[in-house]
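Numbering of residues begins at 1 and proceeds along the displayed sequence.
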Amino acid sequence: MRLFINELCKIKASRSVKGVVIVFLFFALLSGMVFGAGTTSWPVSRYGFGAPFLWLMGNGAAGFFLYAAIVSGLFASEFELGVIANALGSGVKRSSYFIAKVLAVFGACILIYLGGMGILFLFKCQTMGFDPTGQIFADYGLKVLVYNAWAIVSLLSYIAVYIFIACLMREAVPAFIASLVITIAEMLNLFRGPVRIAMDAVAFVRDDTVLSPDFPKLFVPCLCLLTAALGAAYLLFLLQDVD
C-alpha cells in the first residue's frame, strides 16, 4: 500500500499528467461545442445524454497516444534517472514495485478518461440542453456502463503496450517516440488495434446495439493485447538489469 501511495504522489506531481489533463480538458470543451449539434442520426446525440458515447470521437481515439507521455514519464524516465534502481536496491520487491506502478498508472488514466467524459457531459448539457423526452435510449444507464467499460479496456490495452515499450527501451524520449509511431501507424490503417476497435464501437451506438453479444466480441483482441503486453512487461521488469 505504501508503494502504491508513493506512486500516486508521483502522479500528482507529474508534469506529463498535468499536461495530458489540460489537453483532454480542451478536447472535452471542443467536443461539447462541435459534436452532436444538428445531428439527428442517433437518439441521444443532441443533448448531454450523448456525451458518454461521444468522448471517444471527441478526443479522437487517436488521443490514446497522449497517455504514452504519462507512461514514459512514470516508467521509462525512472529507469533513465536511476529511481527504479535505487528503489529496488533499498530492498523493495520487484513484483510489488511493478504492480504498484501499473495500478497507479492505470488508475490515473482511467480517471483522466472519466473526468474528460464528465466535463464533456456537463458542458454539453449546459450548451445544448438536457432534455431526454423522446431522445433517450431504453436501458440508457446500462448502455453507458457497458460502452465505457469496454472503452476503458481498449484504452488500458494500449497503455499496457506503452508500459512494455517503456520497460524495453528504458529512456523517456525514445519510449514516447516509439509509442507515438505505433499509434500513428494504426491511425494510418497499417494494422487494426485498440484505436480502430474503439472507434468502431461508435457504430453500435448508432445502431442501438451496445447490449448485443457482438459488442463485447469486438474487444476480445484488446483483452488479449492487454494480457500479453502486461505479461511481457512484467517479465522484462523482473529479469532485466536495472542498473
Side-chain angles (χ1 to χ4, degrees), residues 1-25 28 59 63-119 148-149 151-180 182-183 194 222-223 225-243:
M1 180 59 70
R2 184 177 298 176
L3 288 173
F4 179 67
I5 293 174
N6 184 56
E7 293 302 320
L8 291 179
C9 291
K10 291 180 184 178
I11 288 173
K12 182 178 179 181
S14 171
R15 292 182 179 180
S16 61
V17 173
K18 293 176 182 176
V20 171
V21 169
I22 291 172
V23 171
F24 279 135
L25 173 61
N59 68 27
F64 281 10
F65 82 88
L66 291 171
Y67 294 101
I70 296 176
V71 175
S72 297
L74 295 173
F75 263 90
S77 67
E78 292 196 356
F79 278 111
E80 191 175 359
L81 297 174
V83 175
I84 293 178
N86 290 337
L88 298 180
S90 65
V92 175
K93 292 182 179 180
R94 290 193 181 215
S95 58
S96 299
Y97 193 72
F98 179 84
I99 292 171
K101 290 187 76 66
V102 168
L103 289 178
V105 169
F106 276 8
C109 292
I110 290 172
L111 285 177
I112 290 172
Y113 171 84
L114 294 178
M117 189 183 72
I119 291 170
N148 286 284
I152 287 172
V153 169
S154 67
L155 169 64
L156 295 184
S157 65
Y158 240 138
I159 293 173
V161 171
Y162 298 152
I163 290 174
F164 170 72
I165 293 173
C167 290
L168 182 65
M169 307 193 78
R170 299 195 291 178
E171 292 184 13
V173 174
F176 178 74
I177 292 174
S179 301
L180 178 60
I182 289 176
T183 310
C222 293
L223 282 174
L225 181 61
L226 172 60
T227 302
L230 204 56
Y234 180 67
L235 289 176
L236 268 178
F237 195 85
L238 289 183
L239 300 176
Q240 66 186 347
D241 183 6
V242 296
D243 293 328

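- Taking the side chain as every heavy atom from C-beta outward, V102 and Y234 never approach each other to under 4.5 Å.
- Closest heavy-atom contact between M117 and N148: SD-OD1, 3.2 Å.
- For the pair L66 and I112, the minimum side-chain heavy-atom distance is 4.5 Å or more.
- Rounded to the nearest 0.5 Å, atoms CG (L81) and CZ (R170) are 13.0 Å apart.
- Annotation: the span from L239 atom CG to C167 atom SG amounts to 11.5 Å, rounded to 0.5 Å.
- Scanning for side-chain hydrogen bond (donor to acceptor under 3.5 Å, both in side chains) contacts around Y97 gives K10, E78, with sequence neighbours left out.
- In this structure L103 satisfies the side-chain contact (heavy atoms from CB on, under 4.5 Å) test together with F4, I99, sequence neighbours excluded.
- Across every non-hydrogen atom of K18 and K12, the tightest pair is CE-O, 3.4 Å.
- A donor-acceptor pair is defined here as one N or O able to donate and one able to accept, closer than 3.5 Å; such a pair exists between the side chain of K101 and the backbone of L74.
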Counting only pairs under 3.5 Å, give me each side-chain donor-acceptor contact of residues 152-166, with atom names and distances, residues two or more places apart or in other chains.
residue, atom, partner, partner atom, Å
S154, OG, A151, O, 2.6
S157, OG, S154, O, 2.6
Y158, OH, E186, OE1, 2.7
Y162, OH, T183, OG1, 2.7

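- To the nearest 0.5 Å, atom CZ of residue R15 and atom CD1 of residue I22 are 12.0 Å apart.
- For the side-chain contact (heavy atoms from CB on, under 4.5 Å) test, residues two or more places apart in sequence or in another chain that qualify with S96 are L3, K93.
- Every residue was checked against the side-chain hydrogen bond (donor to acceptor under 3.5 Å, both in side chains) condition with S77, not counting sequence neighbours, and none meets it.
- Minimum interatomic distance between A178 and M169 (heavy atoms only, all atoms of both residues): CB-SD, 3.7 Å.
- In terms of heavy-atom proximity, V20 sits nearest to A69 at CG2-CB, 4.4 Å.
- You'll find the side chain of F237 reaches within 4.5 Å of the side chain of I84, heavy atoms only.
- Residue pairs meeting the salt bridge (charged side-chain N to carboxylate O under 4.0 Å, His left out) criterion with at least one member in residues 103-113, sequence neighbours excluded, do not occur.
- Between S179 and F65, every side-chain heavy-atom pair lies at or beyond the 4.5 Å cut-off.
- Of all non-hydrogen atoms in I119 and L25, the two that sit nearest each other are CD1-CD1, 3.6 Å.
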